[in-house]
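Reviewing the structure listed below.
Because only heavy atoms are used, hydrogens play no part in the values below, and waters and symmetry mates are left out as well, while side chains stay in.
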Protein chains: 2
Amino acid sequence: MKTSPRGETTREALLEAATVVFAREGFPAANLRGIAERAGVNPALIGYHFQNKEGLYLAVFTQWVANMRACLEPAWAVIAQALDGPEPQGPPETVYLEPLLALVDGMVAHIVMEHPAWGELMVREQQSPSAAFDILFEGIIGPNQRALVALLQRLRPGFEGEKVRLIAGMIVSQVLVFRNARLPLMRLMDWAKVGPRELDAVRALIRRNTQLLVLGD
Amino acid sequence: MKTSPRGETTREALLEAATVVFAREGFPAANLRGIAERAGVNPALIGYHFQNKEGLYLAVFTQWVANMRACLEPAWAVIAQALDGPEPQGPPETVYLEPLLALVDGMVAHIVMEHPAWGELMVREQQSPSAAFDILFEGIIGPNQRALVALLQRLRPGFEGEKVRLIAGMIVSQVLVFRNARLPLMRLMDWAKVGPRELDAVRALIRRNTQLLVLGD
DNA sequence: GTCTATAAAGTGATAGAC
DNA sequence: GTCTATCACTTTATAGAC
């Protein structure tokens, strides 16, 4: 945790290398020698900077959550304002639908285009949760779920809570499939990568779907 | 591959134990001694029956694909008949929508209720594909994608191919989320498990969503 | 802060008796 | 078909010189 210039460089190089290797290999298979080699530092320095393998792993997630929160917090703020703000102007379909679509757009942009390593780490943690999963849930997943459900409840006050939460899950699933089942999906689409053109197509369709799911009876 | 009664029992015990352990730990972390212990047999027998660790792993997938195909093939047959059969009676919305909903219902029943181990194995293979992924894709994912896309193309002949395939992916994503992101979803729903009541709620909502996604403009 | 060297504890695989 | 015993190898972690 020292901040002397040399040590900080080492620390960051190790974090970057660990992100890639843990994502590609998973925690048990990841090799500390390989991480150190990729970072261009000596393996023993992992023990010095992060205590042990698990310490390095958790540090990767802590850094990622901070990064992702910085991107999502603006959208959450807009939603909180729409929910708690003064008297809403106009019908719910316009007051709450736009913040909802903005949130979904943000998720699409980040999840579809983000460095694949992040998605792989998230999937692995959902598969075999460790302490890192709590870091993810408390920092990102939970707040995002709460914002989404609150918006949907305002949009469809007639729906019972369970139906609203399930719809929220299904909306998110359309975005998550790009990280959770990227390989079969890319084969289905016959895409080699998701570039700007593909991103536009995805965003447009998910916007359409979200409106259908929210406004359908 | 012998079929003498004693050896066959050992083989099946090893496959069952390997399914659970590979799913929980992943291929690299799974321990052959642990698998043998759980199966109640001697570790050396893994080499005798499956050659090596990889042979055991692939055998798990081969067995699973055979099992799953047995469940899905009836639905695929109904769809093939609707697609290739004689003159369709009535509008596409009735001729093709019912087979589509039947297929989705089947996926829901299997994926939501199946032994969690299968889903975990599938996710892991999508994350770091090995030869087992091809077994999965050729045996299950590919045929299922083709059936779904063919139906959607008939239902919405006006949509371009890319849009149809993307809609197909989004329909599937709603089912897959129950294996790909089960943990956050269960927390969102505040469900401890997916019993008959929860399954009904899921099936009903996914039917609703599928119709909205297919019939929406 | 960084390095070398090595300890300590696994791992998958197999030879050979039964 | 099954078991015991063991080999060859890799892994994480750390002690101690610089």
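Going from atom CZ of B/Phe50 over to atom C1' of C/dA13 covers 16 Å, rounded to whole Å. Going from atom CD of A/Glu12 over to atom C1' of C/dG1 covers 16 Å, rounded to whole Å. A straight line from CG of B/Leu32 to C1' of D/dC9 spans 15 Å, rounded to a whole angstrom. Between the CD1 atom of A/Ile35 and the P atom of D/dT11 there is a distance of 12 Å, given to the nearest Å. In this structure, CD of B/Gln51 is placed 16 Å from P of C/dG12, rounded to the nearest angstrom. B/Asn52 places its CG atom 20 Å from the P atom of D/dA8, with the value rounded to the nearest Å. Here C/dG10 presents its P atom at 14 Å from CD of B/Glu37, a figure rounded to the nearest Å. If you measure from atom CZ of A/Phe27 to atom P of D/dT11, you get 14 Å, rounded to the nearest angstrom.
Side-chain atoms of B/Asn31 lie closest to C/dT11 of the nucleotides D/dC3, D/dA13, C/dT11. Residue A/Lys53 has its side chain nearest to D/dA13 when only C/dT2, D/dC3, D/dA13 are considered. Nearest to the side-chain atoms of B/Tyr48 among the listed nucleotides C/dC3, C/dA15, D/dG1 stands D/dG1. Ranking D/dT2, C/dG10, C/dC3 by closeness to the A/Asn42 side chain, first place goes to C/dC3. The nucleotide whose nearest atom lies closest to any side-chain atom of B/Thr10 is, among D/dT2, C/dA15, D/dA13, D/dT2.
Contact annotation for A/Leu45: base contact, defined as any heavy-atom pair under 4.0 Å involving a base atom. Residue-level contact check: B/Ala29 touches neither bases nor backbone, having no heavy atom under 4.0 Å from any strand.
Look at A/Asp200 and A/Arg203 and you find a salt bridge, because one of the NZ, NE, NH1 or NH2 atoms lies within 4.0 Å of a carboxylate O, short of that distance. Comment: A/Arg154 does not engage A/Asp84 in a salt bridge, judged by the lack of any side-chain N to carboxylate O separation of less than 4.0 angstrom.
Looking at every heavy atom in both residues, B/Ala36 comes nearest to B/Asn42 through CB-C, 4.0 Å.
Counted within 6.0 Å of CD on A/Glu37, heavy atoms from surrounding residues, nucleotides or ligands total 12 or fewer; the atom is thus considered open. Within a 6.0 Å radius of CD in A/Gln51, other residues, nucleotides and ligands contribute 12 heavy atoms or fewer.
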